[in-house]
Amino acid sequence: MEYKVVKGTRDFLPLQMQKRNYIFNTIIEVYKRHGFLPIETPALENLSTLMGKYGEEGDKLLFKVLNSGDFTSLATTGNNPNGNDVLCDCVKNNDYKKMTTMICEKGLRYDLTVPFARFVVNHLNDISFPFKRYQIQPVWRADRPQKGRYREFYQCDADIIGSDSLMNEVELLEIIDEVFSSLKLNVNIKLNNRKILASIAQVIGKQDKIVDITVAIDKLDKIGMDKVLEELKEKDFSEQDVEKIKPILMIKGTNEEKLSQLKTILQGSAVGEKGLEELSYVMDKAKKAEIKNIDFDITLARGLNYYTGAILEVKANDVQMGSITGGGRYDNLTGIFGVKDLSGVGISFGEDRIYDCLEELNLFPQDISTTTTLLFVNFGEKENEMCLSLAKSLRKENVSCEIYPDCSKIKKQMKYANDKKIPFVALIGEKEIEDKQVVIKNMTTGEQTTYNIDDALSFLSDLKA
RNA sequence: GUGCCUGUAGUUCAGUUGGUUAGAAUAUCAGAUUGUGGUCCUGAGGGUCGUGAGUUCGAAUCUCACCAGGCACCCCA
């Protein structure tokens, strides 16, 4: 094909869009039911807003947009009086990062949480806290695409900012439960708390190594205990450190059992105790809210480094797919933009992955591909006038209908109705005009019924049946 | 950024140890009663065999390079 779409991006056909909208509508409905309000932010943000918020890996995955203008003037060789040879210096020093900042100042958003934090700071005076917003927009990541991974995909975020009550965490869990129940997708919610992870690092005495520890233990169910310990040793952890981490990785049992085992291990660590307290509060309330399928997962780490409290991830049970929803609490995301003491907590549904799961499990309802209910076959100018007024009356009754635009062969017009899965066709030709009749053909059964045209909508009840 | 796999009609794929003009199914379009679709029948269009080089009398087939796509790791929705 000559004109491909960009790798990792897709076109969507009508049927696919109807399926996507089914997911979006389900999520929006639940968000609204919980009192969240919609906002949007631009696709493009200044790179200064985005850079450094997602870790080093995230910076690499940002799509950067080239400035307009002519860079050759910035790259004159030799020292010129204006000092405009910075680009050449960058080339000489192999400093591509600095060079990037010289020629790119904008980038495509990587997620919706950071732009939201920026939004909150910019609109402090227009917002009343706690602020509950939802936002459904595409995000872009310069990743290498693979199954369930796209370069352009939709996130469906809900965040509550300006309240540190753990009731917010509980509400978000309820939302997750409602959305996936409604979609009939069996899921497992994995819950953890960053404070617990921090405390583990503290207990070992390697607070600065929290990222290494979490990344390693995150792989526990993938590569197994031995390899995780091996990886830790490679990362400069001593034999003693590893021995301290080992019992934590071996914790098993029900949520309550895991909690009590950790309580013993993390005893004396203020952060750890706080984390465990938060976690058990949330789990307890979630239980009272009758949310099932929540697992306390010590190995859940999540790379986004702005999380400070609860972290969660949702996986589909019956299909091989990465996490389809993620989220957590961030205590100081607006702090980076100059406004302190605003704690937020949010979740994000990955629409594209949910789509893939529903498709694989055949869980899309049959009736979502709504189409035209009735097609008027075009017999010519005179006949069309009759169709126009009939169509108008039908639309007033909220029946979607259309008149075939060209006076083509009946066969072609019938085929159009068939291809578009239009259930009814109206035929008003010379004969019918003369007899003041309209013939309605049921495309499913093939039956044709003749109605009196004066009683224009006498066939209405049949269409709706 | 690292590793593995795959490139033949719009799509899904055949194509024998290298051998004449590269096939099928499906989709598209047209016809089979000029006022009737979905089934059936007939026909048509559609391919620089990913690109380029090499080996050979001869390459879709063998070799190399490049390009594209997919999958896994990393990380994530």
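Letters A, B, ... mirror the listed sequences (proteins, then strands); counts begin at 1.
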Polar atom pairs (N or O), protein with nucleotides 3-5 of chain B, under 3.5 Å:
none

Exercise for the section: Under 4.0 Å between any heavy atoms, over every strand shown, what does A:G148 touch: base, sugar-phosphate, or nothing? Just pick one. Expected result: base
Exercise for the section: Using the P atoms only, state how far B:G43 lies from B:A32, rounded to an integer number of Å. Expected result: 15 Å
Practice task
Establish, with yes or no, whether the OP1 or OP2 oxygen of B:A72 is under 4.0 angstrom from a side-chain nitrogen or oxygen of A:Q146.
Solution key: yes
Exercise for the section: Can you tell me, in whole Å, how much space there is between the C1' of B:U28 and that of B:U63? Expected result: 39 Å
Problem - Rounded P spacing from B:A53 to B:G10 in Å - result: 23 Å
Problem - Spacing between A:L13 atom CG and B:U11 atom P, to the nearest angstrom - result: 13 Å
Exercise for the section: Indicate whether any N or O donor in one side chain lies under 3.5 Å from an N or O acceptor in the other, for A:D295 and A:N188. Expected result: yes
Handout entry: Rounded P spacing from B:G15 to B:G54 in Å
Key = 29 Å
Exercise for the section: Ignoring hydrogens and angles, state whether a donor on the side chain of A:T299 or A:D297 is under 3.5 Å from an acceptor on the partner side chain. Expected result: yes
Exercise for the section: Just jot down the side-chain contact (heavy atoms from CB on, under 4.5 Å) partners of A:A142, sequence neighbours excluded, or say none. Expected result: A:F63
Exercise for the section: Take atom CG of A:L358 and atom C1' of B:A77, then tell me their distance rounded to the nearest Å. Expected result: 14 Å
Exercise for the section: Determine the stems involving RNA chain B; a stem requires 3 or more consecutive pairs of the Watson-Crick or G-U wobble kind, each with both distances below 3.5 Å, and the answer is none if no such run exists. Expected result: B:1-7 with B:67-73, B:10-13 with B:23-26, B:28-31 with B:41-44, B:50-54 with B:62-66
Completion exercise
Residues passing the side-chain hydrogen bond (donor to acceptor under 3.5 Å, both in side chains) test with A:D356, sequence neighbours excluded, are A:Y150
Practice task
Could you tell me whether the side chain of A:Y134 reaches within less than 4.5 Å of the side chain of A:D157, counting heavy atoms only?
Solution key: no
Handout entry: Spacing of the P atoms in B:A22 and B:U16 (rounded, Å)
Key = 15 Å
Exercise for the section: Taking the side chain as every heavy atom from C-beta outward, state whether A:V439 and A:T449 have any pair of such atoms under 4.5 Å apart. Expected result: no
Every protein N/O lying under 3.5 Å from an N/O of nucleotides 31-42 of chain B:
from, atom 1, to, atom 2, distance (Å)
B:G31, OP1, A:K409, NZ, 2.7
B:G31, OP2, A:K409, NZ, 3.2
B:A32, N6, A:K411, NZ, 3.1
B:G35, O6, A:K431, N, 3.1
B:G35, O6, A:E432, OE1, 3.3
B:G35, N1, A:E432, OE1, 2.8
B:G35, N1, A:E432, OE2, 3.1
B:G35, N2, A:E432, OE2, 3.1
B:U36, O2, A:K441, NZ, 2.9
B:U36, O2, A:Q448, OE1, 3.1
B:U36, N3, A:Q448, OE1, 2.5
B:U36, O4, A:Q448, NE2, 3.3
B:G37, O2', A:N418, ND2, 3.3
B:G37, N7, A:K441, NZ, 3.3
B:G37, N1, A:M443, O, 2.7
B:G37, N2, A:N418, OD1, 2.9
B:G37, N2, A:M443, O, 2.6
B:G37, N3, A:N418, OD1, 3.2
B:G38, O4', A:N418, ND2, 3.1
B:G38, N2, A:T444, O, 3.3

When you compare the protein's N or O atoms with those of nucleotides 66-69 of chain B, which come within less than 3.5 Å of each other, and at what distance?
from, atom 1, to, atom 2, distance (Å)
B:A68, O2', A:K4, NZ, 2.8
B:G69, OP2, A:K7, NZ, 3.1

Handout entry: Sorted by number, the residues of residues 308-329 of chain A with heavy-atom contact under 4.0 Å to RNA chain B
Key = A:S323, A:I324, A:T325, A:G326
Handout entry: Parallel, tilted or perpendicular, as decided by the 30° and 60° cut-offs, for the rings of A:Y54 and A:Y306
Key = perpendicular
Handout entry: A:Q135 CD to B:A77 P, straight-line distance once rounded to whole Å
Key = 15 Å
Exercise for the section: Using the test salt bridge (charged side-chain N to carboxylate O under 4.0 Å, His left out), find all partners of A:E40 that sit at least two apart in sequence or belong to another chain. Expected result: none
Practice task
To the nearest 0.5 Å, tell me how far A:Y330 OH sits from A:Y307 OH.
Solution key: 8.0 Å
Handout entry: Note, A:K315 side chain near A:V187 side chain (heavy atom, < 4.5 Å)
Key = no
Exercise for the section: Look at the side chain of A:R149 and the base of B:A77, then say whether one donor and one acceptor between them are separated by less than 3.5 Å. Expected result: no
Handout entry: A:E45: salt bridge (charged side-chain N to carboxylate O under 4.0 Å, His left out) partners, not counting sequence neighbours
Key = A:R118
Problem - Sugar-phosphate, base or nothing in reach of A:F349, heavy atoms under 4.0 Å - result: nothing
Exercise for the section: Using the C1' atoms only, state how far B:C13 lies from B:U17, rounded to an integer number of Å. Expected result: 23 Å
Exercise for the section: Taking atom P in both B:C74 and B:G69, compute the distance separating them and give it to the nearest angstrom. Expected result: 23 Å
Problem - Results of salt bridge (charged side-chain N to carboxylate O under 4.0 Å, His left out) for A:R10 - residues two or more places apart only - result: A:D352
Problem - Flag side-chain contact, heavy atom, 4.5 Å: A:K64 against A:E105 - result: no
Practice task
Taking the side chain as every heavy atom from C-beta outward, state whether A:L47 and A:C104 have any pair of such atoms under 4.5 Å apart.
Solution key: yes
Practice task
Please state the C1' separation for the pair B:G45 and B:G50 - nearest whole angstrom.
Solution key: 23 Å
Handout entry: For atom NZ of A:K147 and atom P of B:G70, their distance in whole Å
Key = 14 Å
Exercise for the section: Walk me through it: do A:R33 and A:E29 pass the test salt bridge (Lys or Arg N to Asp or Glu O under 4.0 Å)? Expected result: CA-CA 6 Å; A:R33 214 186 286 153; A:E29 210 175 282; 3.4 Å; yes
Fill in the blank from the handout: For residues 401-420 of chain A, the ring pair (Phe, Tyr, Trp, His ring centres under 6.0 Å) pairs (sequence neighbours left out) are A:Y404-A:Y416
Exercise for the section: To the nearest Å, give me how far apart CG (A:D356) and P (B:C76) are. Expected result: 20 Å
Completion exercise
Residue set satisfying salt bridge (charged side-chain N to carboxylate O under 4.0 Å, His left out) with A:K420, at least two apart, ordered chain then number -> A:E402
Handout entry: Contact check, side chains of A:F24 and A:F349, non-hydrogen atoms, under 4.5 Å
Key = no
Problem - Protein-nucleotide distance (A:Y150, atom OH; B:G70, atom C1'), rounded to Å - result: 12 Å
Problem - Protein-nucleotide distance (A:E57, atom CD; B:C76, atom P), rounded to Å - result: 8 Å
Exercise for the section: May I have the distance from A:R141 (atom CZ) to B:C74 (atom C1'), rounded to whole angstrom? Expected result: 14 Å
